[in-house]
**Student:** 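Let me give you the structure first, and then I'll get to my questions.
Because the structure is predicted, anything quoted here is derived from the model rather than measured. Remember, it's 1-based here, ligands and their atoms both numbered in the order they're listed. Reckoned from all heavy atoms, side chains included, excluding hydrogens, waters and symmetry mates.
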Amino acid sequence: MNYRIGIVRGDGIGPEVVGAALGVLEAVGARFGHAFAKEELLAGGCAIDASGEPLPEETVARAKACDAVLLGAVGGPKWDTLPSHLRPEKALLGLRSALRVYANLRPAVLLAPLREACPLKDEIVGSGFDILIVRELTGGIYFGKSGRTEDGQAAFDTEFYTRKEIERILRVGYEAARKRRLRLCLVDKANILESSRLWREVNARISAEYPDVETSAMYVDNCAMQLVRAPGQFDVIVTSNMFGDILSDEASMLTGSIGMLPSASIGEPGAPGKPTMGLYEPIHGSAPDIAGKDIANPLGTILSVAMMLRYSFNLNKEAEAVEQAVARVLEAGWRTADIALHKVESTTRIVGTKEMGRLVAKEVQRSRI
Ligand code: IPM
Ligand code: MG
């Protein structure tokens, strides 16, 4: 089958990590006989430079016509002083919203070869962890009313959620839990926030439809603590846009580096046999300080490609081939600088962004799946 993929290389290290990931995608195409057509899309700071806006209308229209979109990262100091509607981050929010990808899946898994890069002690990590953070992505405080008072002496942002938004993200969480270890933890601040109390109310009803899934609820401050105290206790975490943003950065560090974490943002499933629109991006940002040096870790983006194959195209074998290729490259001792910081073994070999991409692509080509 032919797939059409929108490519937003973006700013900072975005173009580098996307370049490496596209090499892996090409290897998937060659190994498994698929054609992936690429549609280059401008968004973020580079779009501001080229057209004056972070998310040109043309980008949105062309992205919508694709089967899925792969995004590197947007933003950088060059555009930080622009007014809020012109900031590169607006492109990201605008794209998520326009593509209606309300469910952001962020898996944090400790891969065995990266045990040394995890900052937690052995007795805390135990037999490892495999957490899926399901973050609501197109609502909440990111999209609520915000502004300044007339005299400029105060500012506000609003956490706003409808029952419908809560219900649909919870369902994504429960369905995911059914394919995993059957546990779901709702993370909120229901001791303070009315919106969180609505989440709990809706969850009481939805959880009854999934009696096979064990449900719990936790305040977000406690969750932040529990993630570093006993990460193995979590299976699926479902939470709001803002809390998911924060907790996923925390969880990413447990896997060794923020450079490792992929993400998939999906909406309603496509028609039977058709792709499901999704936006795939590593959870790290544009890291302008290391941009252009060929040292960024492309694995988060490469693993995002694996998620694209699985969630948008239902190509499960191909997704596994990419994930196994990443594991094999790590097992062989190859590391980018960010995951080689802790205890460099004699077998560790540090490589740059491009080389890491080539190594994974080579493993995909050799895959026997
Ligand atoms: C993320 C990022 C974005 C977010 C920023 C860059 C707008 O931190 O994807 O986690 O807050 O969603
Ligand atoms: Mg974030």
**Student:** Give the residue and atom name of whichever protein heavy atom lies nearest to atom 6 (C) of ligand 1, and the separation in Å to one decimal.
**Tutor:**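 Scanning the protein heavy atoms, the shortest distance from atom 6 (C) of ligand 1 goes to Leu92 CD2, 3.8 Å.
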**Student:** So, does Thr255 use its side chain to make a donor-acceptor pair with the main chain of Ser252 at under 3.5 Å?
**Tutor:**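 Here the side-chain-to-backbone pair exists.
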**Student:** Any N/O of Glu281 closer than 3.5 Å to an N/O of ligand 1?
**Tutor:**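 So ligand 1 has no N or O lying under 3.5 Å from an N or O of Glu281.
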**Student:** For Asp249 and ligand 1, does the shortest N/O to N/O distance drop below 3.5 Å?
**Tutor:**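 In this structure, Asp249 places no N or O atom under 3.5 Å from an N or O of ligand 1.
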**Student:** Among Asp245, Asp157, Asn241, find the one that has a side chain to side chain donor-acceptor pair (under 3.5 Å) with Tyr142.
**Tutor:** Asp245
**Student:** What residues, two or more places apart in sequence or in another chain, satisfy ring pair (Phe, Tyr, Trp, His ring centres under 6.0 Å) together with Phe143?
**Tutor:**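 Phe143 satisfies ring pair (Phe, Tyr, Trp, His ring centres under 6.0 Å) with no residue once adjacent residues are dropped.
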**Student:** Just to confirm my output: which protein heavy-atom neighbour is closest to atom 1 (C) of ligand 1, and how far is it?
**Tutor:** Arg106 NH2, 3.4 Å
**Student:** Can you sort out which atoms of ligand 1 are near Arg135, meaning under 4.0 Å from one of its heavy atoms?
**Tutor:** 1 (C), 4 (C), 9 (O), 10 (O), 11 (O), 12 (O)
**Student:** Among all protein heavy atoms in this structure, tell me which lies nearest to atom 2 (C) of ligand 1, with the distance rounded to 0.1 Å.
**Tutor:** Asp245 OD1, 4.0 Å
**Student:** Of all the heavy atoms in Arg87, does at least one lie under 4.0 Å from an atom in ligand 1?
**Tutor:**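 Not so, Arg87 does not reach ligand 1.
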**Student:** Do NZ/NE/NH1/NH2 and the carboxylate oxygens of Glu16 and Arg9 come within less than 4.0 Å?
**Tutor:** no
**Student:** I'd like to check which ligand 1 atoms, numbered from 1 as shown, lie under 4.0 Å from a non-hydrogen atom of Tyr142.
**Tutor:** 4 (C), 11 (O), 12 (O)
**Student:** Can you tell me which residue and heavy atom of the protein come closest to atom 7 (C) of ligand 1, and the distance to 0.1 Å?
**Tutor:**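 Result: Glu89 CG, 3.9 Å.
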**Student:** For atom 3 (C) of ligand 1, which of Lys90, Arg96, His284 has the closest heavy atom?
**Tutor:** Arg96
**Student:** Looking at Asp221 and Lys189, is any side-chain nitrogen of the basic one under 4.0 Å from a carboxylate oxygen of the acidic one?
**Tutor:**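 Yes, this pair counts.
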**Student:** Below 2.8 Å, any N, O or S contact between Asp245 and the Mg ion (ligand 2)?
**Tutor:**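 So Asp245 counts as coordinating the Mg ion (ligand 2), yes.
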**Student:** Quick check: does any side chain N or O of Thr276 sit under 3.5 Å from a backbone N or O of Pro269, one acting as donor and the other as acceptor?
**Tutor:** no
**Student:** Can you check whether Gly94's main-chain N or O pairs, donor with acceptor, with Ser97's side chain at less than 3.5 Å?
**Tutor:** no
**Student:** Check each of Arg178, Arg180, Lys179 against Asp235 using the salt bridge (Lys or Arg N to Asp or Glu O under 4.0 Å) test, and report the only one that passes.
**Tutor:**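 With Asp235 as partner, salt bridge (Lys or Arg N to Asp or Glu O under 4.0 Å) holds for just one option, Arg180.
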